[in-house]
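To start, the structure under review is shown below, and the notes come after it.
Bear in mind the structure is a predicted one, so any value in this text is a computation, not a measurement. Sequence lines set the chain letters: A, B, ... in the order given, protein chains first and strands last, and positions in each chain run from 1.
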2 protein chains.
Amino acid sequence: MLTPTVVSNSTVRRSSRTPAANARTSTRCSNCAMRHLCMPQGLTVDELPKLEALICNARSVRRGDFVYRAGDPFENLFVARSGSLKTVMAHRDGREQVTALRLAGDPLGLDGISTGMHTASAVALEDSSVCIIPYPALKHMCRETGAMQDRLHRLMSEQIIRESSQMMVLGSLSADERVAAFLLDVSERNGQRGYSHAEFNLRMTREDMGSYLGMTLETVSRTLSRFQKRGLIDAQGKLIRIIDLESLRRL
Amino acid sequence: MLTPTVVSNSTVRRSSRTPAANARTSTRCSNCAMRHLCMPQGLTVDELPKLEALICNARSVRRGDFVYRAGDPFENLFVARSGSLKTVMAHRDGREQVTALRLAGDPLGLDGISTGMHTASAVALEDSSVCIIPYPALKHMCRETGAMQDRLHRLMSEQIIRESSQMMVLGSLSADERVAAFLLDVSERNGQRGYSHAEFNLRMTREDMGSYLGMTLETVSRTLSRFQKRGLIDAQGKLIRIIDLESLRRL
DNA sequence: CGCCCTATTGATGTATCTCAAAGTGCGTGG
DNA sequence: CCACGCACTTTGAGATACATCAATAGGGCG
């Protein structure tokens, strides 16, 4: 299966497992608590089994493992099922940047469709699992089922919007504003998933956050400290508690 | 038709025509020199007429006109047919940022699919024309024609990649590198369209470029001047000639 | 349970922004 | 088609937000 190819791996050295030893348990997605997120919104009863039969397997990925690497041939889409992951893109000179944080229900790998090759890598931030969706099967199903087609289009369009918004963050906001926007984004997405808006475990390092937000890890750390002093948040390492959501919004 | 909604218009004051007076000539796209770009790669002969009948009308937009505005209901996709356009997104506090430069053949409006409403605005940088593609008809056609489905998926995936790349530009590169990357990008896209790699008329203002690149117009101007002194480019206002492409690449 | 990755905080440097003032050229209207 | 005016561009000097370098402290994971 998908052989790992060239990719700087400076950001994942903390994984002591060899890539070849990736634990890959593969189970039906049917017992998946977040099954509804794997795609099927709006499908009729008789369409659902088709989906499950065709396209929904799960794979475990351990912290630091790649789901796919930049340069891998594109064969499957993935949906984060549990845990969290980041996507990382590399400039030719080796500089890397985190391009997204993916939580349960978020799609992974849409970038591969156009060239048949992944342009980014996806790395688990903690032990996680992802649903595997063979793209050809999905495409076929989209032609049979309008609801499925809608869902896929929506997912792609959502990613387009998400990325434009992040471009705005990177291009127009100050360091404080960026960090605040990021915390609010994670808070909201956590809430959407039925977890707390106010408290969450952010598995990214300060370096990951900095990379995602276009600033250094030191500035991220200083900003969080300042927010804490101002009584906006309470940050104990990776555990973030949002105290004054409104003030954060006003930035 | 689509009523204009709230949107700061600070960047389009140079258009002296009222929005209501937009000249909207609507012609068949069949006589369009860039018709192949409006979508149909890979369609069989008998599929092409279907496409033309269903979905390809053109609309003229004059410099400064909106093709759609943030907040407009999403009904159509567009493809730039001639000229060039920019997409602009607004933060709630009114700050605006250019999120893309669109040349002939580039799609517009994919952001609207997920919410049924455009999140960005599209503004013509010069007198231009766009093909209008009613989304419901396109969706229907994608279910009949695999080639069409592939094409749409590819377009969306390309935009996802393009935006990730721009995130890297904004998050990781210095001012010099950003400007160089932008010039190289425009040069390449110009070449792909059969025009010169080396010389092009960039209809964006320095302010637009700065907004797109996350820097001030002054820094853009200074950077271009410095590039010129170093013999990398020759910039006479909006007319850009690339002299030393290799050095620009090495940044 | 210990090591190393991660986080915090400080001091200093600098790339880029901001404010300002000319100069230029393009599009509009005559 | 030409001329005028306004928007755009250029360039400078000074201010600042953030990066960089550095050293210590903390905590999670193997």
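Distances shorter than 4.0 Å separate none of the side-chain N or O atoms of A:Thr205 from OP1 or OP2 on C:dC5.
For A:Arg63, the side-chain atoms get nearest to D:dC29 when compared with the rest of C:dT8, C:dC17, D:dC29. In this structure, the nucleotide among D:dA13, C:dA11, D:dC18 sitting nearest to the side chain of B:Arg222 is D:dA13. Among the nucleotides C:dT9, D:dT10, D:dT9, the one closest to any side-chain atom of A:Glu218 is C:dT9. Residue A:Thr219 has its side chain nearest to D:dA19 when only D:dT10, D:dA19, C:dT9 are considered. Among D:dT10, D:dT20, C:dT9, the nucleotide with an atom closest to any side-chain atom of B:Ser225 is D:dT10.
Computed from coordinates, the A:Leu202 CG to D:dG28 P distance equals 14 Å when rounded to whole Å. Atoms CE (A:Met204) and C1' (C:dC5) sit 17 Å apart, rounded to a whole Å. Here the P atom of nucleotide C:dT16 and the CE atom of A:Met215 are 17 Å apart, to the nearest Å. A straight line from CD of B:Gln236 to P of D:dC8 spans 19 Å, rounded to a whole angstrom. Atom CE of B:Met209 is separated from atom C1' of D:dC8 by 11 Å (rounded to the nearest Å). Computed from coordinates, the B:Leu213 CG to C:dC17 P distance equals 11 Å when rounded to whole Å. Atoms CG (A:Asn201) and P (D:dG27) sit 14 Å apart, rounded to a whole Å. Rounding to whole angstrom units, CZ of residue B:Arg203 and C1' of C:dG27 are separated by 11 Å.
When the nearest nucleotides of DNA chain D are assigned to A:Asp176 and A:Lys238 by heavy-atom distance, the more 5′-ward of the two goes with A:Asp176.
With hydrogens and angles ignored, the 3.5 Å screen pairs a side-chain donor or acceptor of B:Ser128 with a backbone N or O of B:Ser84.
Contacts of A:Asp244 classified as side-chain contact (heavy atoms from CB on, under 4.5 Å), with partners at least two apart in sequence or in another chain: A:Leu232, A:Glu246, A:Ser247. Residues satisfying the side-chain hydrogen bond (donor to acceptor under 3.5 Å, both in side chains) test with A:Asp185, not counting sequence neighbours, are A:Arg162, A:Arg189.
Ion pairing between B:Glu177 and B:Arg250 fails under the 4.0 Å rule for side-chain N and carboxylate O.
In this structure, B:Leu224 reaches neither bases nor backbone, as no heavy-atom distance under 4.0 Å exists between it and the strands shown. Here B:Gly210 lies out of heavy-atom contact (under 4.0 Å) with every strand.
Here the shortest heavy-atom pairing between A:Met167 and B:Gln97 reads O-NE2, 3.2 Å.
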